[in-house]
Protein chains: 2
Amino acid sequence: MSDKKDVATEQLIKNTAKKLFFGEGRFNATTQEIADEAGVNRTLINYYFRSRDNLFNIVFEDAQQKEINFTDMVVFSDMPFREKIEKYLDMYFEQAKEYPYLEIYMVTQMNQGSCFKDPEQISRVLDKFYLEIALEMDKGNIDKMRPEQFLLNMISLTSFPVSMRPLLQETMGFKKEEYDRLMEERKQIILNTLFK
Amino acid sequence: MSDKKDVATEQLIKNTAKKLFFGEGRFNATTQEIADEAGVNRTLINYYFRSRDNLFNIVFEDAQQKEINFTDMVVFSDMPFREKIEKYLDMYFEQAKEYPYLEIYMVTQMNQGSCFKDPEQISRVLDKFYLEIALEMDKGNIDKMRPEQFLLNMISLTSFPVSMRPLLQETMGFKKEEYDRLMEERKQIILNTLFK
DNA sequence: TTTTTGTTTAACTATTTTGTTTGACAATTT
DNA sequence: AAATTGTCAAACAAAATAGTTAAACAAAAA
């Protein structure tokens, strides 16, 4: 069986869709645009994915799984708390270079009816993380608050400047390079803000 | 001249569009959907706004202006620094009830080519705010960092949990009411995080 | 070599969405 | 009373997009 050429093209189409959605924020890309960007005939999208909707759903679920694996890797890694956070920041900013609009995409999709498929898996990770946060508060390394609020703080400080970059960069009057530099400083800023 | 009925309907259509875009995150609402939601004939949208694109642009510019006025009001108000931040938080969370997706909408629009029309006005406000932040750092009320980073922190901590609510609420496994309660606690959390 | 498979091209259909036109009608203005 | 204005309804034209089908072909597999 030819397990190769077809899988490659299918993957190419999926990756191109991801690039357009998560990478460039073009959430309304048409099948034609996706095909063009992939350098592939538009009919192939139907051939492999049957319908546009189906492709969108598959990509959405991929993104979900990616996010879950991402947090999993951090939370279940065998590291001291603070190092975990640092690891998370590194990984996040790394992925953000390729897919800055992943979260916004998820929100827009969920506003159109999509939802998560495996809540179990998530809450398992979260519970463990909340425990660790609480422990860290007892040690006095971070301010006391509901662990959920700490998590919100962490995600907010990290994701927002990435997801909202077009808006922020323009609002704050930065050039590309200036904003890039701001982002590079950001890891340390976030650590200082989270840990007292 | 009848300065009334027509202006009212034009406004109604605009408000309905805003409600769908900023309020419900339905960024792809069709003219038909907008008309239905407004309880008005679809042709009226063309009658008043000529084209769908035009309506979208007008709404976008309205949103811009709204954001500018918003920050203006806070920054140029005659209050001590910390109270300004509190005022900002109050106003933001208040508006968030009506238009939680305003920022995301702006980002999606800007990813499709829109941009700000009056950068001057913005930088005037920002410069003043940066000065105040720097001053506050000298006083030792907040950690030293580039004022831009402080601003990023502030906006991130505030906006992210609002804009990304569908994603976060689902991810964190909250019911509506639980997330609402989390948001109510949030003002104090943010203040504690920003000020040392 | 023959067959199968992945891919392209092109033509065509269906559906959705936008935009236009026209005629009617009620309310308001003149 | 007559004219104007805002609104609606219905029908239609035009464009954009999605999806289907069939014929052809090259590369890989049999």
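Side chains included, hydrogens not; waters and symmetry mates left out as well; all remaining heavy atoms used. Residue numbers begin at 1 in each chain, while the letters A, B, ... track the order of the sequences.
Ion pairing between B:Arg181 and B:Glu177 fails under the 4.0 Å rule for side-chain N and carboxylate O. Between B:Arg124 and B:Glu120 there is no salt bridge, since no side-chain N of the basic residue sits under 4.0 Å from a carboxylate O of the acidic one. Using a cutoff of 4.0 Å between basic side-chain nitrogens and carboxylate oxygens, B:Glu148 and B:Arg146 are scored as salt-bridged.
Set against D:dA10, C:dT8, C:dG19, the side chain of A:Asn41 has C:dT8 as its closest nucleotide. Comparing atom distances between the B:Val40 side chain and each of D:dC8, D:dG6, C:dT18 picks out D:dC8 as nearest. Looking at the side chain of A:Thr30, the nearest of the listed nucleotides D:dT17, C:dT9, D:dC8 is D:dT17. With C:dG19, D:dA9, D:dG6 as the choices, the nucleotide that has an atom nearest any side-chain atom of B:Thr43 turns out to be D:dA9.
Backbone-only engagement by B:Ser51 is indicated by non-hydrogen atom pairs under 4.0 Å involving sugar-phosphate atoms exclusively.
What separates CD of A:Gln32 from P of C:dT15 is a distance of 20 Å, to the nearest Å. To the nearest angstrom, C1' of C:dG6 lies 16 Å from CD1 of A:Ile45. The separation between A:Asp36 atom CG and D:dT17 atom C1' is 13 Å, rounded to whole Å. In this structure, A:Arg42 atom CZ and D:dT17 atom P are separated by 10 Å, rounded to whole Å. In this structure, the CG atom of B:Asn28 is 10 Å from the P atom of C:dT18, given to the nearest Å. Atom-to-atom, CG of A:Asn46 to P of C:dG6 comes out at 16 Å; the value is rounded to the nearest Å. In this structure, the CD atom of B:Glu33 is 8 Å from the P atom of C:dT18, given to the nearest Å. Protein atom CD1 of B:Ile13 is 13 Å distant from nucleotide atom C1' of D:dC8, rounded to whole Å.
Under 4.0 angstrom from either OP1 or OP2 of C:dT18 there lies at least one side-chain N or O belonging to B:Thr31.
Without hydrogens or angle criteria, A:Glu178 side chain to A:Lys175 main chain gives a donor-acceptor distance under 3.5 Å.
Screening A:Gln65, A:Glu67, A:Lys66 against A:Asn69 for a side chain to side chain contact (heavy atoms under 4.5 Å, CB included) leaves a single residue, A:Gln65.
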